[in-house]
Amino acid sequence: MSYPFLKGHGTENDFVVLPDPDGTVHGDLSAERVRALCDRRAGIGGDGVLRAVRRDDGWFMDYRNADGSVSEMCGNGIRVFARYLHEREGEAFPMRIQTRDGVKTLDGAGDELTADMGTPEVFEDTTVSVGGRSWTARHVSMGNPHAVVFVDNLAEAGPLLEEPEHDDGVFPEGVNVEFVVRRGEHHVAMRVHERGSGETRSCGTGACAVAVVAALADDAPRGTAYRVDVPGGTLHVVWTEDDRILMTGPALLVAEGVTDL
Ligand SMILES: N[C@H](CCC[C@H](N)C(=O)O)C(=O)O
C-alpha cells in the first residue's frame, strides 16, 4: 500500500515525516519498517522517523531512531515536525506538540524555529566507553539520556563511530554521547554518537545537554546564550532564569513523495 511521506532536516539531522493524522495508516509502525524507511541505500534515508498523529490533546510526535528504537524526544526532529504542521496542516505558531517527554512549545518565523525543551536533569559524573576507551562524562537528561565528554580536539572523537557501550549500568537503555571542544566564550563545537542512529551531523537534545554542561562549568548566569556548532550547522541554546532550555535552529522540508516501504 502506498502512502505519503516528507523528508526534512534541522542542521542536517534528517528525518522521514509520516503523516498519520488518524493513526490508521501506520498503526503498527514496526522497527523493521522504520529501518527500511531510514536505509540510505534501499530506502528513503534518515536518522529517524517522525510520525504525525492527531490526538484529542493535539498533535503527537511519534519519534523513532533509524534502528527502529523509540526515544522520548528529538530536538532537531521537533522543529522539522513543527515546520510540517505549519506548512501542511495549517497549524499556527506558537504551537504545542505532544511527545513521549510531555508537551513542547514551538515558536518562530522564517527559517529558524525555537523549541522550549523544558527543564534539564543533571546527574553525577559517570564514565562511558567508546571505541575501547573510557571517558569521564557529565550525565544530562533532556527527556533522553546524554553523556557529555569535553575533549581537547574533536579528532579524539574518531572512535565515535564505534558503538558506545556503557560499563557501569548507568545507561541500561543506551545513551547519546557528545564530544565537545571550546571555541570561545559561550561557544562550543560538538560531534555526537546518537543512541539508535550512530554518528549524526547534529543532535538537538545533545546540543541542549552540551550547553547545560558548559554553562555549569562557566558558572554562567541564567539567560546566557550558548552557540553550539555541529557538523551540520549551528544551534543556539539559552538556559532561562525559570530553568527551561530554549533551543533555536533551522527546520526545512526538502522533499515529499509516496512510498510503499
Ligand atoms: N537518538 C536519540 C533521539 C534523537 C535525538 C536527536 N536527533 C535530537 O535532535 O535531539 C535518543 O535515542 O535519545
Side-chain angles (χ1 to χ4, degrees), residues 7-17 29 31 34-35 37-38 40 45-51 61-84 97 99-102 104 106 112-121 123 128 130 137 139-148 160-161 163-166 170-180 190-213 226 228-237 245-252:
K7 184 75 194 291
H9 78 91
T11 54
E12 300 181 2
N13 191 197
D14 62 333
F15 308 98
V16 178
V17 180
L29 182 58
V34 170
R35 286 193 292 271
L37 287 162
C38 291
R40 294 191 185 282
D47 293 326
V49 166
L50 311 173
R51 179 178 168 221
M61 179 179 78
D62 176 5
Y63 174 78
R64 313 292 179 93
N65 285 315
D67 70 353
S69 59
V70 169
S71 174
E72 304 82 353
M73 189 40 202
C74 180
N76 287 320
I78 203 164
R79 298 197 315 276
V80 173
F81 192 83
R83 177 73 67 210
Y84 161 74
I97 297 172
T99 76
R100 290 187 177 90
D101 183 48
K104 310 294 176 188
L106 276 287
E112 301 253 314
L113 299 183
T114 296
D116 180 341
M117 301 288 285
T119 300
E121 248 189 299
F123 301 91
V128 283
V130 180
H139 173 192
V140 177
S141 171
M142 290 302 302
N144 59 348
H146 295 271
V148 177
L160 192 76
L161 291 172
E163 186 65 24
E165 318 82 42
H166 198 270
V170 169
F171 301 107
E173 306 293 322
V175 64
N176 302 286
V177 182
E178 289 84 18
F179 288 87
V180 195
M190 67 176 239
R191 282 177 66 181
V192 60
H193 184 287
E194 281 200 40
R195 175 179 66 170
S197 299
E199 183 170 12
T200 59
R201 302 275 293 162
S202 176
C203 177
T205 49
C208 296
V210 162
V212 163
V213 173
Y226 274 81
V228 183
D229 291 341
V230 293
T234 294
L235 295 170
H236 297 277
V237 181
I245 299 293
L246 303 180
M247 174 188 57
T248 299
L252 299 100

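Atoms within a ligand are numbered from 1 in the order they appear, just like the ligands themselves. Note that these values count all heavy atoms, side chains included, but never hydrogens, waters or copies made by symmetry. Quick note: residue numbers are just sequence positions, from 1. Just so it is clear, the structure is predicted and the values come from calculations on it, not from any experiment.
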Check residues 204-212 and write down every donor-acceptor pair under 3.5 Å in which the side-chain atom is one partner and the other belongs to a residue at least two apart or another chain.
from   : atom 1 : to     : atom 2 : distance (Å)
Thr205 : OG1    : Asn144 : ND2    : 3.1
Thr205 : OG1    : His146 : NE2    : 3.1

Revision key, fill the gap. By chain and number, the residues contacting ligand 1 below 4.0 angstrom (heavy atoms only) are Asn13, Tyr63, Asn65, Ser71, Met73, Cys74, Gly75, Asn76, Asn144, Asn176, Glu194, Arg195, Cys203, Gly204, Thr205
Practice item. Verify the ring-centre separation between Phe171 and His139: is it less than 6.0 angstrom? Key: yes
Practice item. Would you check if there is a donor-acceptor pair between the side chains of Asp101 and Thr99 at a distance under 3.5 Å? Key: no
Review point. So, Thr248 versus Glu112: side-chain donor-acceptor pair below 3.5 Å or not?
Key: no
Practice item. Step through the shown structure and confirm whether more than 12 heavy atoms of other residues, nucleotides or ligands are within 6.0 Å of CD on Glu173. Key: no
Exercise for review: Report the residue from Asn13, Asn76, Asp47 that forms a side-chain hydrogen bond (donor to acceptor under 3.5 Å, both in side chains) with Ser202.
Suggested key: Asn76
